Amino acid sequence: MDSNMIKTRFAPSPTGFLHVGGARTALFNWLYARKHGGQFVLRIEDTDQVRSTAESAAGILSDLQWLGLNWDCGPQPGGVKNEYFQSMRLDLYNAHLDKLVKDRRAYEAYETPQQLAAMRMVAEKMKRPFRYRRNMPGRAERGSGPTVLRFEMPFETITFHDLILGDISVGGEEHDDIIIRKSDGFPTYHFAVVVDDHDMGITHVLRAQEHLMNTPKHLGLYQALGWQPPAHAHMPLVFNMDNTKMSKRDKTKAARAAAAAWIKQGHTLETLVEKSGIPADQLKEFLDKKTDDSRLAAAIGAALAVHLPEIDVQDFRRSGYLSDALLNFIALIGWSPGENREILSREEMLQLFSLETIGKTSGRFDRKKLLWMNGEYIRKRSIDDLLHDLAAFNAVTNYPIKHATESQQRDLLAMYQERTGTLAEMAENSRFFFEEPEMDAAAFKKHVESGNGRVLLQQIRDMLDSITDWSKDQLAPVIEKIIELGEKRGSAPQTLRVAVCGGSVSPPLLETMCLLGRSTTLARIDKALQKTG
RNA sequence: GCCCUCAUCGUCUAGAGGCCUAGGACACGGGCUUUUCACGCCUGUAACUGGGGUUCGAAUCCCCAUGAGGGCACCA
């Protein structure tokens, strides 16, 4: 192995789903490693015993796989915990912890959380920042509280060169002696990252700017352990359009608002319990903001047919975004390939990517642009590729298109490719192919009931009925004739469309009726005729 | 409160002292095309946060102000 080989990592904590921000961090690390023929490591930072779950780790792996961000070292999808889970590396951390204690760089501290809170309060009253230091007065006595290990930070200015932001300096008086081993015996994040990044030979740490102020702490640890630190690069953050942080709370907030609006309309809580399938007590807790479970938010959103903002990678997948489009869009927040390039394949991204072209300013997540880009991807893609995308989409959703045959799916993809922004939009709009549509009353009134709609429809029915071979070739000339029917060009096809599709919008009638088949088409026309009585 | 970072159209961005009358894309407006909805094509509106320097010349360099964001946990 080349000792100069570049090695990056993505190190999520398994306390929830993979967030788009995390996906971007993973992407940039992946790009950097792949571009330079290096390695990309995936490490699960599960040192928080309370919040970490195996389920969440598995979800992160599958989201990364969906995005196509493959890793060279890391957990095995579907496998048991291996050495890329921090909870499996306690011996290693303890060995280095012991060494720091022996070197007198780490020491025990005994304050209770309450005592620490009180100390912070005092500092705040004095309008001074609270810094825990070994030589500070009033430290708790041994045995008086839980035992943690703290690292004695040097009292000196720490300067480092960030590959994106340039030189960053933090004065000695700003540091404090961070906890490196918690009272439960687990290392804290700060300690575990340093040990692991060193142990795994990570050469470049590319992470979000929210970690910028952690870097001096980590550098202090590297120095104390006698290790060469990796290069650091802090990327700009991504926000919502209103400049708020993108978080799962956006989903719960939207769901609560929808529920409140529903109840305000005069509906009862019980009907919501029924519609959403959420037990009453859980629903109440959620609405009272006692829990932030995004699953409940999703159930409420589905029950009330309101769209919740996508935040996690799987939200975007369920909404019918293609992984390539999502990746492309995410890459362009904070990075510009130059030359006015925007739509980029993975290969092109790899070719154009560099740390120098990553910007410094934080960006906003413009869903409208993502929607446009997703449409571009759908339009440019082959039906074969779209079929794969659709399969991945169907695996996590439950629209009727899920149960369609491959040939039907192909036909639908061909029909909707030019007129849909997402697979979910297509799945929703194509419902009428599979189930009897609920008639759009306004459209029915306008195009079928009023004027000579009924007469036109009867005429159309007769013309269609005479077709023996229900094929595109036979249907095409008939549709041409239908277009000319009636006094206003185009009004007859609308009458037919409403009768057959249940609304005034559908793909072109030729393809639509072809896929629908003769008997269904005629039956729906008959039903519409009957309805006009 | 303290520390750190950032600052070009509504949004993502190009721009490394003269190529800037500031370019591209999304969004928005107008038009063409059209069996609906879209797609597509043409076209328009729209920005260098403010103030001081430096320089023959500043969106670009420096300083200050302002604004925005991040960090200050036994979370990562």
Side-chain angles (χ1 to χ4, degrees), chain A residues 11-15 45-48 50-52 86 109 111-113 116-117 120 123-131 146-150 162 164-166 168-171 173-176 178-184 186 188-190 192-193 208-216 234 236-237 239 241 243 245 329 332-343 359-373 375 379 416-421 429 443 447 479-480 482-485 489-498 501 503-510 512:
Chain A
S13 66
T15 55
E45 309 219 319
D46 57 347
T47 52
D48 184 336
V50 179
R51 296 198 304 151
S52 298
Q86 289 186 324
E111 284 78 14
T112 62
L116 285 170
R120 283 194 190 95
E124 198 179 318
K125 279 218 174 102
M126 289 163 62
K127 302 212 167 194
R128 292 174 63 125
F130 174 65
R131 308 272 185 249
T147 305
V148 299
L149 221 48
R150 286 184 183 265
D162 186 282
I164 292 170
L165 297 171
I168 309 282
S169 279
V170 178
E173 68 287 352
E174 294 302 324
H175 310 320
D176 68 351
I178 51 168
I179 292 177
I180 52 179
R181 189 181 66 201
K182 303 185 255 186
S183 56
D184 67 0
F186 271 59
T188 56
Y189 156 77
H190 298 298
V193 245
Q209 234 177 76
E210 60 195 357
H211 284 292
L212 188 61
M213 287 300 102
N214 289 334
T215 309
H234 290 90
L237 268 13
F239 298 98
M241 285 302 277
N243 241 346
K245 217 169 169 179
F329 177 73
L332 260 24
I333 306 177
W335 173 59
S336 169
E339 303 167 20
N340 290 336
R341 302 284 299 276
E342 286 212 308
I343 304 277
K360 299 176 175 182
T361 54
S362 61
R364 270 141 293 273
F365 195 95
D366 186 351
R367 291 189 157 75
K368 283 190 174 167
K369 186 152 186 176
L370 170 61
L371 186 61
W372 163 78
M373 192 172 274
R379 268 165 251 135
Y416 280 96
Q417 174 165 46
E418 301 253 298
R419 67 193 80 249
T420 196
N429 290 341
H447 296 287
I479 287 182
E480 284 310 311
I482 292 173
I483 291 169
E484 303 302 331
L485 237 48
R489 188 184 153 87
S491 70
Q494 270 311 75
T495 305
L496 173 58
R497 174 170 281 115
V498 172
C501 310
S504 56
V505 175
S506 84
L509 285 166
L510 177 59
T512 301

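Heavy atoms only: backbone and side chains are in, while hydrogens, waters and symmetry mates are out. This is a predicted model, so every value here is computed, not measured. Order of the sequence lines fixes the chain letters, A, B, ..., with proteins taken first and strands second; residue numbering starts at 1 for each chain.
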Q: Under 4.0 Å from OP1 or OP2 of B/rC74: is there any side-chain N or O of A/Arg181 that close?
A: no

Q: Given B/rC74, B/rG1, B/rC12, identify the nucleotide with an atom nearest to the side chain of A/Pro129.
A: B/rG1

Q: Side chain of A/Arg419: nearest nucleotide among B/rA38, B/rA7, B/rA76?
A: B/rA38

Q: Does any donor-acceptor pair link the side chain of A/Ser13 with the base of B/rC75 at a separation under 3.5 Å?
A: no

Q: Nearest to the side chain of A/Trp372, which nucleotide is it out of B/rA76, B/rA25, B/rU35?
A: B/rA25

Q: Which part of the nucleic acid, if any, lies within reach of A/Arg364 when heavy atoms closer than 4.0 Å are counted: base, sugar-phosphate only, or nothing?
A: sugar-phosphate

Q: Between A/Lys369 and A/Glu342 (salt bridge meaning N to carboxylate O under 4.0 Å), is one present in this structure?
A: yes

Q: Does B/rU35 have a Watson-Crick or wobble mate here (both distances under 3.5 Å), and if so which one?
A: none

Q: Say you pick atom C1' in B/rG17 and the same atom in B/rA59; how far apart are they, in whole Å?
A: 10 Å

Q: Can you tell me, in whole Å, how much space there is between the P of B/rG44 and that of B/rA25?
A: 12 Å

Q: Atom CG of A/Asp366 to atom P of B/rC12: distance rounded to whole Å?
A: 8 Å

Q: A/Phe239 CZ to B/rU11 P: how many Å, rounded?
A: 14 Å

Q: Could one point to a donor on the side chain of A/Arg128 or the base of B/rC2 with an acceptor on the other under 3.5 Å away?
A: no

Q: Considering only the C1' atoms, how many Å lie between B/rC32 and B/rG18, rounded to the nearest integer?
A: 41 Å

Q: A/Asp184 CG to B/rC75 P: how many Å, rounded?
A: 7 Å

Q: Between A/Arg120 and B/rC74, is there a side-chain N or O to OP1/OP2 distance below 4.0 Å?
A: yes

Q: Side-chain contact test, heavy atoms from C-beta onward, threshold under 4.5 Å: evaluate it for A/Leu165 versus A/Lys360 and give yes or no.
A: yes

Q: Would you mind telling me which of B/rU5, B/rG71, B/rA76 lies closest to the side-chain atoms of A/Met213?
A: B/rG71

Q: Under 4.0 Å from OP1 or OP2 of B/rU5: is there any side-chain N or O of A/Ser362 that close?
A: no

Q: Contact class for A/Asp176 vs. all strands (heavy atom < 4.0 Å): base, sugar-phosphate, or nothing?
A: nothing

Q: Rounded to whole angstrom, note down the P distance from B/rU45 over to B/rC39.
A: 23 Å

Q: To the side chain of A/Thr361, which of B/rA76, B/rU11, B/rU8 is closest?
A: B/rU8

Q: Find which nucleotide of RNA chain B each of A/Asn340 and A/Lys368 is nearest to by heavy atoms, and output the residue with the more 5' nucleotide.
A: A/Asn340

Q: When you compare B/rU66 with B/rG57, how far apart are their C1' atoms, in angstrom units rounded to a whole number?
A: 27 Å

Q: Taking any heavy-atom pair under 4.0 Å as a contact, classify A/Ile483: base, sugar-phosphate, or nothing.
A: base

Q: What is the distance, rounded to the nearest whole Å, between atom CG of A/Leu237 and atom C1' of B/rA7?
A: 15 Å

Q: Choosing from B/rU36, B/rU5, B/rC26, which nucleotide comes nearest the side chain of A/Val505?
A: B/rU36

Q: Can any side-chain N or O of A/Arg131 pair as donor or acceptor with the backbone N or O of A/Glu174 at less than 3.5 Å?
A: yes

Q: Nearest of B/rU36, B/rG40, B/rU11 to any side-chain atom of A/Arg379?
A: B/rG40

Q: Establish whether the base of B/rU35 is bridged to the side chain of A/Arg489 by a donor-acceptor pair shorter than 3.5 Å.
A: no

Q: Using the C1' atom on both, measure B/rA7 against B/rG50 and round to a whole Å.
A: 12 Å

Q: Starting from P on B/rG71, measure out to NE2 on A/His175 and report it in whole angstrom.
A: 19 Å

Q: So, under a plain 3.5 Å distance rule, would you say the side chain of A/Lys360 forms a donor-acceptor pair with the base of B/rA7?
A: no

Q: Taking atom CZ as the centre, does A/Arg379 end up with more than 12 heavy-atom neighbours from other residues, nucleotides or ligands that are less than 6.0 angstrom away?
A: yes

Q: Show the nearest heavy-atom pair for residues A/Arg419 and A/Pro508, with the distance to one decimal.
A: NH2-CD, 3.3 Å

Q: Among the nucleotides B/rC74, B/rU35, B/rC6, which one has an atom lying closest to any side-chain atom of A/Pro508?
A: B/rU35

Q: Using the P atoms only, state how far B/rC48 lies from B/rG29, rounded to an integer number of Å.
A: 24 Å

Q: Can you find a pair of side-chain heavy atoms, one from A/Pro12 and one from A/Glu45, that are under 4.5 Å apart?
A: no

Q: Considering only distance and modelled atom types, tabulate donor-acceptor pairs under 3.5 Å from the side chains of residues 490-498 of chain A, sequence neighbours left out.
A:
{"from": "A/Ser491", "atom 1": "OG", "to": "A/Lys488", "atom 2": "O", "distance (Å)": "3.0"}
{"from": "A/Gln494", "atom 1": "OE1", "to": "A/Arg497", "atom 2": "NH1", "distance (Å)": "2.6"}
{"from": "A/Gln494", "atom 1": "NE2", "to": "A/Ser504", "atom 2": "O", "distance (Å)": "3.3"}
{"from": "A/Thr495", "atom 1": "OG1", "to": "A/His447", "atom 2": "O", "distance (Å)": "2.9"}
{"from": "A/Thr495", "atom 1": "OG1", "to": "A/Ser491", "atom 2": "O", "distance (Å)": "3.1"}
{"from": "A/Arg497", "atom 1": "NE", "to": "A/Ser506", "atom 2": "OG", "distance (Å)": "2.8"}

Q: Might you point out which heavy atoms bring A/Gln86 and A/Thr47 nearest each other, and give the distance in Å?
A: OE1-CG2, 3.4 Å

Q: OP1 or OP2 of B/rA76 less than 4.0 angstrom from a side-chain nitrogen or oxygen of A/Lys182, does that happen here?
A: yes

Q: Which of the following nucleotides, B/rG71, B/rA14, B/rA25, is nearest to the side chain of A/Ser336?
A: B/rA14

Q: Can you tell me the pairing partner of B/rA7 across any strand shown, Watson-Crick or G-U wobble, with both distances under 3.5 angstrom?
A: B/rU66

Q: Any strand counts, and the cut-off is 3.5 Å on both contacts for Watson-Crick or G-U wobble. Which nucleotide pairs with B/rC28?
A: B/rG44

Q: Tell me the interatomic distance from A/Glu174, atom CD, to B/rC2, atom P, rounded to whole angstroms.
A: 11 Å

Q: For A/Leu370 and A/Pro493, take the nucleotide of RNA chain B holding the closest heavy atom to each; which residue's nucleotide lies nearer the 5' end?
A: A/Leu370

Q: Between P on B/rA38 and CG on A/Asn429, what's the gap in Å once rounded to a whole number?
A: 11 Å

Q: So what does A/Pro12 hit on the nucleic acid, given a heavy-atom distance under 4.0 Å: a base, only sugar-phosphate, or nothing?
A: nothing

Q: With a 3.5 Å distance limit and no angle check, can you tell me whether A/Asp46 reaches the backbone of A/Ser52 through a side-chain donor-acceptor pair?
A: no

Q: Under 3.5 Å for both donor-acceptor distances, Watson-Crick or wobble: does B/rC2 have a partner, and if so which one?
A: B/rG71

Q: Using whole Å, report how far CZ of A/Arg341 lies from P of B/rG24.
A: 17 Å

